[in-house]
Amino acid sequence: QHKTDQAEKAYRKAVDLAPNVALVHYELGQLYLLQRKWAAAESAFQVALKKEETNSETHTALGMVLTAQGRGEAADQHYRRAVQLDRHNVVAANNLAASLGEHLDLDDALGLALGAHEVAPANPAVKDTLGWIYYKKDRFEDAHRLLADASAALPQHPTVRYHHAMALSKIGKQQEALSELKTALSLPGGFPGADRAAQMVASNKVEE
């Protein structure tokens with residue numbers, strides 16, 4: 001009902017009544033996560049993990065909070081622990097794969113992304129991650145197949161459109177790639193590689 005102030009009071013009362021129940025702290029952390037109150041969310045999830053360290057979902061949530069704060073290395077540790085605890089945790093596996101892919105730890109990233117894709121083959125975010133790793137490993141046909149699907153499913157996501165554009169360029173579809181780059185740049189939110197994309201659009205050529 002979007003009554004966040006009342007929800008917070010209720011969760012805090014629950015914490016007072018059951019301070020040793022990990023789920024109560026986890027739910028409070030989720031509320032803060034939705035509100036983008038990163039420090040408060042991190043604190044709540046840390047307490048939840050002290051009560052129940054083996055909860056994969058809590059490690060995932062804390063990883064997301066740390067990622068939002070630009071603390072990628074710490075986030076990766078929690079994503080990895082989440083996957084260790086539950087190999088079917090798609091969000092943790094996908095987020096860790098995406099992070100490792102950006103740092104060019106491609107073999108590890110590929111294994112995680114393939115695992116996530118096996119569990120959730122229709123998930124467009126998973127397709128984007130796996131496709132982008134394939135792109136970086138020069139498997140351009142495989143990359144394009146997945147990134148085309150991801151772009152169609154997430155048309156308002158600029159990063160996905162950018163990834164699709166780069167894959168298009170590698171299979172000889174320059175004009176389509178330029179069109180995708182223009183679309184990516186027109187969408188709100190920005191994306192890693194936006195400056196490079198703008199330069200390519202200005203030169204009317206996608207770099208090979």
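No experiment lies behind these values; they were computed from the predicted model shown. The analysis underlying the following values was restricted to heavy atoms, covering all of them including side chains, and did not include hydrogens, waters or symmetry mates.
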Would you list the pairs meeting ring-ring contact (aromatic ring centres under 6.0 Å, His included) in which at least one residue belongs to residues 175-198, sequence neighbours left out?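 Only Tyr162-Phe191 qualify under ring-ring contact (aromatic ring centres under 6.0 Å, His included).
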[X] side-chain N/O to [Y] backbone N/O, donor-acceptor pair under 3.5 Å:
X      : Y      : result
Arg161 : Gln156 : no
His59  : Glu53  : yes
Gln174 : Val206 : yes

Got a sec, which pairs hit salt bridge (Lys or Arg N to Asp or Glu O under 4.0 Å) with one end in residues 24-38, sequence neighbours left out?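 Passing the test, one end in residues 24-38: no pairs.
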Just grab all the salt bridge (Lys or Arg N to Asp or Glu O under 4.0 Å) pairs involving residues 115-139, residues at least two apart or on different chains.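 Applying salt bridge (Lys or Arg N to Asp or Glu O under 4.0 Å) to every pair that reaches into residues 115-139, excluding sequence neighbours, yields Glu102-Lys136, Asp107-Lys137, Lys127-Asp149, Arg139-Asp142.
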Please check if atom NZ in Lys182 has more than 12 non-hydrogen atoms from other residues, nucleotides or ligands closer than 6.0 Å.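 Atom NZ in Lys182 is not packed in, count stays at 12 or less.
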For His157 and His164: C-alpha separation, side-chain torsions, deciding distance, then whether side-chain contact (heavy atoms from CB on, under 4.5 Å) applies. CA-CA 11 Å; His157 198 302; His164 184 214; over 6 Å; no
My understanding is that a hydrophobic cluster links ILVMFWY residues whose side chain heavy atoms are under 4.5 Å apart, including indirect links. Using that, what else belongs to the cluster containing Val126?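 Noted: Val126 shares its cluster with Val90, Val119.
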Only counting residues at least two apart or in another chain, list the ones meeting salt bridge (charged side-chain N to carboxylate O under 4.0 Å, His left out) with Arg87.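 Arg87 satisfies salt bridge (charged side-chain N to carboxylate O under 4.0 Å, His left out) with no residue once adjacent residues are dropped.
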Would Val24 end up clustered with Leu49 when hydrophobic side chains under 4.5 Å apart are linked, directly or stepwise?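 Yes; Leu49 is reachable from Val24 via cluster members.
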Considering only NZ, NE, NH1 and NH2 on the basic side and carboxylate oxygens on the acidic side, decide whether Arg12 and Glu8 come within less than 4.0 Å.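 Counted as a salt bridge, because a side-chain N and a carboxylate O are separated by less than 4.0 Å.
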Tell me every residue that passes ring pair (Phe, Tyr, Trp, His ring centres under 6.0 Å) with Tyr26, counting only those two or more places apart in sequence or in another chain.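 For Tyr26 the ring pair (Phe, Tyr, Trp, His ring centres under 6.0 Å) partners, ignoring immediate neighbours, are Phe45.
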